[in-house]
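Worksheet for the structure shown next.
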Amino acid sequence: MVIFKKILSILNRYKNNTGNALTLAVFSNLFLIIFESSSIILLPKVINLYETYEEYNQINFINLPLLDQNKFISIILLIYFLILSFVFIFRILSLNLSANFANKISIEYMKDFAFSFSSQDLDGQRFLSKDEFTTYLQVKFPMAGREIFVPLTQVFSSLFLTLTIISSIFFVNFKISLIIIIIILLIFTFISRKSARKLKFFGSNIKFFLENQGKNSSDLYESLLLQIHNLKEKKTKRVLIENDNLLKKYQKKALIYTSLPKFTIEYIILLLLLFALAFRTSNSILNTNVSILSTIVIALLKSISSLQLLSRSYYLLQQNYKNILDIEEKLNLFKTNLNYFYLK
């Protein structure tokens, strides 16, 4: 929460110059949520077109136009095609507008920093050297835009999109959705805990071999400086290679176990989809349940992608948060010095 509080305070500081970009980003994400939700809720009706046509003909409380079966199916498919097209368009548009908002914030932030520094006149050299100032403008601010403000927009958009997808699943069929989500959540929790234990073990080994790598590198470097071609030098080279092989081995295992929960859940969800398709029959009641299950499976696959983007974006925020704190410290120093100068 501290991360978001600090970053949101920065966004609030420059809201006058970035308000329009924020409004466009919010509305594009809102339309994406609406069409994404519609695509999930209407999918069972599209899968069971003939049953949907029968339901259409039984509607009596409002006057609907009389349509033959082929025309009705064509209209429904056209409507669903348009919904899917809008999902595709607004996914790209929301990503573009969110990135545009993040870029504007980053530009305003950099402008404030550069102008505040230039207002110091000769005092500015006391706070930053030429190389340090160049590092801030060349490295820290581009990094803040790419790995702080852009991921921030992705955190919020992915969070709301994931919640929308999960909520839409419950509109399809509450009981079946709840049972499937609970089962998948239990499996995911079990696998994640197992993976976490393995990753902790691999992490300690990776740390150990990294420390050994530094020690072995120093030993080899010293032996080369002494120009001693003996058994000790050969042993040092052999130990260095063996240590590096073990390090790469544990790094590979850590990579596999990091992705294992996601791969397992995707596999189980696809098995559910295969099971649903295998049991399609001429029975309309059974087909309705199968279409509901298929819709839930497809929605869960979508939610996994959103969750993956959410977790990756949040990870970037955590990893690069100190960069913002460093910039804020310098910027506050500039502004405090200016206020002191003018009050004096």
Side-chain angles (χ1 to χ4, degrees), residues 1-12 18 21-41 43 83-106 143-172 177 180-181 184-185 188-189 191-192 195 258-266 268-270 295-321 323-324:
M1 289 303 294
V2 178
I3 298 175
F4 291 109
K5 187 176 179 181
K6 172 60 71 174
I7 299 174
L8 289 175
S9 68
I10 296 172
L11 301 187
N12 186 59
T18 59
L22 176 60
T23 302
L24 289 173
V26 169
F27 273 101
S28 65
N29 279 282
L30 181 61
F31 279 115
L32 173 60
I33 287 171
I34 292 170
F35 287 115
E36 190 74 76
S37 178
S38 301
S39 70
I40 294 169
I41 294 172
L43 184 56
I83 290 172
L84 292 179
S85 300
F86 283 126
V87 169
F88 176 75
I89 290 168
F90 279 104
R91 274 187 179 273
I92 297 173
L93 189 61
S94 62
L95 181 63
N96 181 54
L97 292 174
S98 296
N100 183 54
F101 167 68
N103 289 338
K104 284 185 177 295
I105 284 290
S106 182
M143 187 179 293
R146 186 178 67 251
E147 299 183 358
I148 293 290
F149 296 123
V150 171
L152 178 71
T153 62
Q154 295 305 307
V155 164
F156 284 105
S157 61
S158 300
L159 176 62
F160 286 116
L161 188 58
T162 303
L163 292 175
T164 299
I165 292 171
I166 299 298
S167 302
S168 301
I169 294 174
F170 288 114
F171 278 103
V172 173
S177 302
I180 292 175
I181 288 173
I184 289 177
L185 186 61
F188 181 78
T189 303
I191 296 172
S192 295
S195 298
T258 300
S259 304
L260 185 62
K262 175 180 176 290
F263 293 157
T264 305
I265 294 301
E266 285 181 349
I268 292 170
I269 290 173
L270 288 172
T295 301
I296 293 170
V297 167
I298 293 169
L300 287 173
L301 286 173
K302 286 188 174 185
S303 67
I304 286 176
S305 300
S306 297
L307 282 171
Q308 188 178 17
L309 181 59
L310 174 63
S311 60
R312 179 182 175 278
S313 299
Y314 185 67
Y315 173 78
L316 285 173
L317 285 176
Q318 285 185 314
Q319 291 295 108
N320 298 283
Y321 176 57
N323 187 36
I324 285 288

Note to self: Please find the pair of heavy atoms, one from Ser28 and one from Ser94, that lie closest to each other, and give the distance.
What the structure shows: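 Distance-wise, the nearest heavy atoms are OG-CA, 3.3 Å.
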Notebook entry, point to check: Which pair of heavy atoms, one from Val87 and one from Leu32, lies closest together, and at what distance?
Noted result: O-CD1, 3.7 Å
Atom pair [atom1]/[atom2] of [X] and [Y] - distance to nearest 0.5 Å:
X	Y	atom1	atom2	answer
Ile148	Ile10	CD1	CD1	8.5 Å
Leu185	Ile180	CG	CD1	13.5 Å
Ser168	Leu43	OG	CG	11.5 Å
Ile92	Leu97	CD1	CG	11.5 Å

So, the side chain of [X] versus the backbone of [Y]: is there a donor-acceptor pair under 3.5 Å, distance only?
X	Y	answer
Ser158	Val155	no
Asn29	Ala25	yes
Ser98	Leu95	no
Ser177	Ile169	yes
Ser195	Ile191	yes

Item checked: Trace of the side-chain contact (heavy atoms from CB on, under 4.5 Å) decision for Phe35 with Ile89 -> CA-CA 10 Å; Phe35 287 115; Ile89 290 168; over 6 Å; no
Item checked: All ring-ring contact (aromatic ring centres under 6.0 Å, His included) counterparts of Phe170, not counting sequence neighbours -> Phe174
Next item on the list: Just jot down the ring-ring contact (aromatic ring centres under 6.0 Å, His included) partners of Phe156, sequence neighbours excluded, or say none.
Entry: Phe4
Any side-chain heavy atom of [X] sitting closer than 4.5 Å to one from [Y]?
X	Y	value
Leu300	Ile181	yes
Tyr314	Gln154	no
Ile7	Leu317	yes
Lys302	Thr162	no
Asn12	Leu8	no

Notebook entry, point to check: Can a donor-acceptor pair be found between the side chains of Thr164 and Ser37 at a distance below 3.5 Å?
Noted result: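 No, Ser37 and Thr164 have no side-chain donor paired with an acceptor closer than 3.5 Å.
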Next item on the list: Applying side-chain contact (heavy atoms from CB on, under 4.5 Å), run through Leu24 and Phe101 and close with a yes or a no.
Entry: CA-CA 9 Å; Leu24 289 173; Phe101 167 68; over 6 Å; no
Check: Which salt bridge (Lys or Arg N to Asp or Glu O under 4.0 Å) pairs, counting each pair once, include a residue from residues 89-102, with sequence neighbours left out?
Finding: Glu36-Arg91
Notebook entry, point to check: Aromatic ring centroids of Phe31 and Phe86 under 6.0 Å?
Noted result: no
Check: Under the side-chain contact (heavy atoms from CB on, under 4.5 Å) criterion, do Ser313 and Leu152 qualify, and how do the steps go?
Finding: CA-CA 7 Å; Ser313 299; Leu152 178 71; over 6 Å; no
Item checked: Residues Leu161, Ile165; criterion side-chain contact (heavy atoms from CB on, under 4.5 Å); working and verdict -> CA-CA 6 Å; Leu161 188 58; Ile165 292 171; 4.2 Å; yes
